[in-house]
Amino acid sequence: MLEPGLKAITKVVNADWDKEGTSSPSGVLNCLMANNPVIECDAEQGTGKRIKTRLTGRGGMDLRLQTSASEGITEYFTFGKTSNLTGARITGLTFTLGTGTGDAFEVVDTTDPATTVLWDQGLVPRFQLPDGLFGGGGQEATGVGFFDGDRATLVAANTPTEITTAPLTNTFHVDTFGSAVLDNSMIPDGMFWDASTTGLPDEEPVLIAWYHTGEGTWVYGNLGTDTAPEDAGEDFATLDLRLTALAESLGVTVDELGTTGTDGAPIPDNIVALMQANGLFEVLPVEDLRNVNLNFMLDVGDIAGSEFTLRIKPGFAQIVEETTSAYQFRAAGYLDGVANVPYLDLGNAAGYQAAIAEILALDPAAQAEALERTTFSFLGAFSGLGMNLGRDQVFALGRPSVEAGPDGAVLSSKDDGSWSMGDNLRGFASIHGSSGSYETTADSIGYDVDTRGFSAGVETAISPKMSVGVMIGGLDGTAEAFSGRGEIDASGWSVAAYGRTTFGQGGSLQAVVGYQDLSFDTTRNVGGDVAEGSPDGSQTFVALQADYMFRQGALTWGPMASIEQYDISVDEFSETGAGMWNLAVDEQDGTVTLVSAGVRGDYAVDAAGATRAYGSLAMTNASGDDAMIAAGFIGLPSIGTPVDGIDQDWVDVNLGITTTIPGFGGKGAVLGAEYRGSFGDDYENHGLGVFAKMTF
């Protein structure tokens, strides 16, 4: 395995290769190429000379190159390839020579002899999609480009310090894929055939068909030529031999294939089925549609600092260029793609194009709002809503009460919100609700959360120091996105098991494991319509809580700590009601872990202890992983929608009071109310619970 990177080969110092008006590297012995020690600049085509780079955002990339003094100018041909993984169509590329990187980048000063590095003005730069798709067929050895026999080129214009390209030129590409270089998310699937066992000269799988989304069918490409090209090897296979081998691989006749090999005909359904059932055929993305081969010549002299920078920067459509955040960039790139890539058209392209024009006519703030509404900009609310629903269940259970005994701390039912149901069996019931708010993040609009629920459980004592129990509950909640973008409603039921034990003279430990079955209803306001979805989901949660209490007269107090984890899963779903704006959203999972530490206390308000006040104060750290959820307009490719994980700190406050009411058959009853609050820079939550208990 070779290390990635590039290498410079200098066979002739201060060489001036005469390439005026050509684009060919023939005869050039100095070059920049991929790190491959077994080949040099004059190696045959297809041997792996190209330096492969990836453009992954709007800013492009800077390549830093070191030089050595030669007291002259040395020319280098560059073999390169770049891939579009930016999230948007690339309408053009700019190559600039300079010094420094990032914000410190400066274009080469052509008047300063100490910074001599320029684009050669003799050789004509060439930027084109790989020949295997457009042109002479390249190393695929079919003799013709899969889509078209003519090259798909970005015509270049250069000055001494900068090269710029025009949109793609190739009639088939423009009519089928548009005039820009496709992003990775927009490329079609291809049917690749492993012909290595057929006797054909194909060492790699051969692309024989591609899926046309707009027409909803698999379509053949160019499969070969009737005669061998002049530079073909002796083992070159002509079209008739290729069609025969393809038919034999499928167990059919050539006529049953339904193609002449160059007509771009739809594949018959029965042939598609045979391919899908045959291990020699595999569906993979046609990646070379997002790749551009880069050929140019550099004139490198003696440079102050012995280093220069080659900056490669992509250009985009106006709707993409005017975005101000990474999230908007992805939304605009996707909208621009479905509007302007012809093969994706399901009948809505004109509508998307009109929407783009309307968005561009807005002021910047309204433009940003309209763009973000085209996506599901509050997917993170599923995790936030789930965390609140789960915490409600943990809070409803409460913490165990302990009393000092001759052999250390023992569990106590005193003022713990439960009622006796027998010698070793106790129960509790609670009605609770909460209201919270999550602030806007880089990739998600903020939202408000409201939850409501009822919980009940039974607990049995195993010993004075240990008990176990189960609890069930019903729950309901809503997350409402800011700016009226929509909301997520949740309902369901919950079941949990828990155990309690004591240690030392005042310590207690409680563990909870639970499951929630959830149903969601979503609404998203976009383009004057309301998109609706109804996914199902579930959540598991665990909590481990510990404290150690000391008694000083009427006051009991001590340190406490806990760790909680909430894992939510939401099924994939498709929206309805908003026409071309309806989204298909992939399944999603989110995990939030909470770690808390603080103090809690209990105080007997009156001498008899009939009324007691309690509370706690804790610092909580919440951490959740960022996610990328696939979503796209129904029937069209999806893009990754970024979802920021909950990652912040806040303060948890808990306050409550209970009072004993005499009577009730001489057994008495306890009424209680509890407030809980969370306060942070980006998160705030308020909850309230009320309960009653009595001995039966």
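Excluded from the calculations below are hydrogen atoms, water molecules and symmetry mates; all remaining heavy atoms, backbone and side chain alike, are included.
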Peer 1: CG of Leu294 to CG of Leu93: how many Å apart, nearest 0.5 Å?
Peer 2: 7.0 Å
Peer 1: Charged N to carboxylate O below 4.0 Å: is that the case for Asp443 and Arg330?
Peer 2: no
Peer 1: Holding to side chain to side chain donor-acceptor pair (under 3.5 Å), I want the full list of residues that pass it with Thr176, two or more places apart in sequence or in another chain.
Peer 2: none
Peer 1: If we ignore hydrogens and angles and just use 3.5 Å, is the side chain of Ser325 paired with the main-chain N or O of Gln328 as donor and acceptor?
Peer 2: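 Side chain of Ser325 to backbone of Gln328: a pair is present.
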Peer 1: Where do Leu241 and Thr244 land on the side-chain contact (heavy atoms from CB on, under 4.5 Å) test, with the steps shown first?
Peer 2: CA-CA 5 Å; Leu241 294 177; Thr244 298; 5.7 Å; no
Peer 1: Does a side-chain heavy-atom distance below 4.5 Å link Leu298 with Phe77?
Peer 2: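 Result no, sub-4.5 Å side-chain heavy-atom pair not found.
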Peer 1: Are Leu284 and Met191 close enough, and set up right, to give a side-chain contact (heavy atoms from CB on, under 4.5 Å), and what steps lead you there?
Peer 2: CA-CA 7 Å; Leu284 296 169; Met191 186 73 73; over 6 Å; no
Peer 1: Is there side-chain contact between Trp17 and Leu29, with at least one heavy-atom pair below 4.5 Å?
Peer 2: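 A side-chain contact under 4.5 Å exists here.
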Peer 1: Could you tell me if Asn170 and Asp148 have a donor-acceptor pair between their side chains, going purely by distance under 3.5 Å?
Peer 2: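 There is such a pair between these side chains.
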Peer 1: Which distance, rounded to the nearest 0.5 Å, do you find between the OG1 of Thr169 and the CG of Leu154?
Peer 2: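 Reported to 0.5 Å precision, the distance equals 7.5 Å.
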Peer 1: Are side-chain heavy atoms of Phe296 and Leu310 found at a separation under 4.5 Å?
Peer 2: yes
Peer 1: Would you check if the side chain of Asn340 reaches a backbone N or O of Asp336 as a donor-acceptor pair within less than 3.5 Å?
Peer 2: yes
Peer 1: Under the 3.5 angstrom rule, does the side chain of Asp345 hit a backbone N or O of Pro342 as a donor-acceptor pair?
Peer 2: no
Peer 1: For Tyr352 and Met580, indicate whether the former's side chain and the latter's backbone hold a donor-acceptor pair under 3.5 Å.
Peer 2: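 Yes, because the side chain of Tyr352 sits within donor-acceptor range (under 3.5 Å) of the backbone of Met580.
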Peer 1: Heavy-atom distance under 4.5 Å between the side chains of Asp299 and Trp119, does that happen here?
Peer 2: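 They are not in contact (no side-chain heavy atoms under 4.5 Å apart), so the answer is no.
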Peer 1: Side-chain contact test, heavy atoms from C-beta onward, threshold under 4.5 Å: evaluate it for Glu282 versus Asp194 and give yes or no.
Peer 2: no
Peer 1: Kindly list each side-chain donor-acceptor pair under 3.5 angstrom involving residues 52-59, sequence neighbours excluded, with atom names and distances?
Peer 2:
| residue | atom | partner | partner atom | Å |
| --- | --- | --- | --- | --- |
| Thr53 | OG1 | Lys81 | O | 3.3 |
| Thr53 | OG1 | Thr82 | OG1 | 3.1 |
| Arg58 | NH2 | Thr323 | O | 3.2 |
| Arg58 | NH2 | Thr323 | OG1 | 2.3 |

Peer 1: Is the shortest distance from a Lys or Arg side-chain nitrogen in Lys49 or Glu40 to a carboxylate oxygen in the other one below 4.0 Å?
Peer 2: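 Judged by the 4.0 Å cut-off on N to carboxylate O distance, Lys49 and Glu40 do not form a salt bridge.
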Peer 1: Determine whether the side chains of Asn291 and Ser83 contain a donor N or O and an acceptor N or O closer than 3.5 Å.
Peer 2: yes
Peer 1: List the atom of Met186, the atom of Tyr343, and the distance in Å for their closest heavy-atom pair.
Peer 2: O-OH, 2.7 Å
Peer 1: Establish, yes or no, whether a centroid distance under 6.0 Å links the rings of Phe281 and Phe192.
Peer 2: no
Peer 1: Does Arg50 form a side chain to side chain donor-acceptor pair (under 3.5 Å) with Asn295? I'd like the steps, not just the answer.
Peer 2: CA-CA 9 Å; Arg50 295 196 178 277; Asn295 295 333; 2.9 Å; yes
Peer 1: Using side-chain contact (heavy atoms from CB on, under 4.5 Å), reason through Val286 and Leu207 one step at a time and then give a plain yes or no.
Peer 2: CA-CA 8 Å; Val286 186; Leu207 177 63; 3.9 Å; yes
Peer 1: With rounding to the nearest 0.5 angstrom, report the CG to CZ distance, Asn36 to Phe79.
Peer 2: 12.5 Å
Peer 1: Does the gap between the ring centers of His173 and Phe134 come in under 6.0 Å?
Peer 2: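 So the answer is yes for these two rings.
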Peer 1: Can you tell me how far apart CD (Glu106) and CG (Asp109) are? Round to the nearest 0.5 Å.
Peer 2: 9.5 Å
Peer 1: Do you know which of Thr198, Thr142, Asp202 makes side-chain hydrogen bond (donor to acceptor under 3.5 Å, both in side chains) with Arg242?
Peer 2: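 For Arg242, the side-chain hydrogen bond (donor to acceptor under 3.5 Å, both in side chains) test succeeds with only one of Thr198, Thr142, Asp202, which is Asp202.
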Peer 1: Given ring pair (Phe, Tyr, Trp, His ring centres under 6.0 Å), test Phe95 with Phe127 step by step and report yes or no.
Peer 2: CA-CA 11 Å; Phe95 303 82; Phe127 307 99; 4.8 Å; yes
Peer 1: Got a donor-acceptor contact below 3.5 angstrom from the Asn14 side chain to the Ser70 backbone?
Peer 2: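 Between the backbone of Ser70 and the side chain of Asn14 there is a qualifying donor-acceptor contact (under 3.5 Å).
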Peer 1: So, for Thr74 and Val12, which heavy atoms are closest and what is the spacing to 0.1 Å?
Peer 2: CG2-O, 3.8 Å
Peer 1: Any side-chain donor-acceptor pair under 3.5 Å between Thr262 and Asn222?
Peer 2: no
Peer 1: So, for Leu168 and Leu129, which heavy atoms are closest and what is the spacing to 0.1 Å?
Peer 2: CD2-CD1, 3.6 Å
Peer 1: Determine the minimum heavy-atom distance between Val144 and Gly224, stating which atoms define it.
Peer 2: CG1-O, 3.8 Å
Peer 1: Would you call Leu63 and Thr309 a side-chain contact if the rule is heavy atoms closer than 4.5 Å?
Peer 2: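 Heavy-atom side-chain distance check fails, nothing below 4.5 Å.
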Peer 1: Keeping the roles fixed (side chain from Asp302, backbone from Glu71), state whether a donor-acceptor pair exists under 3.5 Å.
Peer 2: yes
Peer 1: Contact between Gln318 and Leu360 at the side-chain level, heavy atoms closer than 4.5 Å - yes or no?
Peer 2: yes
Peer 1: Check step by step if side-chain contact (heavy atoms from CB on, under 4.5 Å) holds for Thr238 and Thr227.
Peer 2: CA-CA 6 Å; Thr238 54; Thr227 58; 5.6 Å; no
Peer 1: For Asp363, does the CG atom sit with more than 12 other heavy atoms under 6.0 Å from it, leaving out its own atoms?
Peer 2: yes
Peer 1: Salt bridge between Arg290 and Asp183, side-chain N to carboxylate O under 4.0 Å?
Peer 2: no
Peer 1: Answer whether the closest heavy-atom distance between the side chains of Met33 and Ile9 falls below 4.5 Å.
Peer 2: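 When only atoms from C-beta onward are counted, Ile9 and Met33 do touch, with a gap below 4.5 Å.
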Peer 1: What's the verdict on side chain to side chain donor-acceptor pair (under 3.5 Å) for Thr10 and Tyr76, showing C-alpha distance, side-chain angles and the deciding distance?
Peer 2: CA-CA 8 Å; Thr10 309; Tyr76 292 87; 2.6 Å; yes
Peer 1: If I compare all heavy atoms of Asn30 with all of Cys41, which pair ends up nearest, and what's the gap?
Peer 2: C-SG, 3.7 Å
Peer 1: Tell me which donor-acceptor pairs under 3.5 Å the side chains of residues 633-641 have, and how far apart each pair is, sequence neighbours excluded?
Peer 2:
none

Peer 1: Think Arg89 forms a cation-pi with Phe316, using NZ or CZ under 6.0 Å from the six-ring centre and within 45 degrees of its axis?
Peer 2: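 Geometry flag: not set, cation outside 6.0 Å or 45°.
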Peer 1: Tell me whether Glu203 at atom CD has more than 12 heavy atoms from other residues, nucleotides or ligands lying less than 6.0 Å away.
Peer 2: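 Incorrect, the count does not exceed 12.
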Peer 1: How about Trp210 and Tyr220: are their ring centroids closer than 6.0 Å?
Peer 2: no
Peer 1: If you round to the nearest 0.5 Å, how far is CE of Met297 from CG of Leu118?
Peer 2: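 Output value for this atom pair is 13.5 Å.
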Peer 1: Keeping Ser377 on the side-chain end and Arg373 on the backbone end, is there a donor-acceptor pair under 3.5 Å?
Peer 2: no
Peer 1: What heavy-atom pair brings Thr217 and Pro266 nearest, and what distance separates the two atoms?
Peer 2: OG1-CB, 3.9 Å
Peer 1: Would you give the length of the straight line joining atom OH of Tyr211 to atom CD1 of Ile267, rounded to the nearest 0.5 angstrom?
Peer 2: 11.5 Å
Peer 1: If you apply the rule salt bridge (charged side-chain N to carboxylate O under 4.0 Å, His left out), what do you find for Lys19 with Glu75, and how did you get there?
Peer 2: CA-CA 11 Å; Lys19 288 295 177 180; Glu75 292 185 346; over 6 Å; no
Peer 1: Is there a donor-acceptor contact under 3.5 Å from the side chain of Thr99 to the main chain of Phe308?
Peer 2: no
Peer 1: Under a plain distance cut-off of 3.5 Å, with no hydrogens placed, do Asp644 and Thr441 share a side-chain donor-acceptor pair?
Peer 2: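 Yes, a side-chain donor-acceptor pair sits under 3.5 Å.
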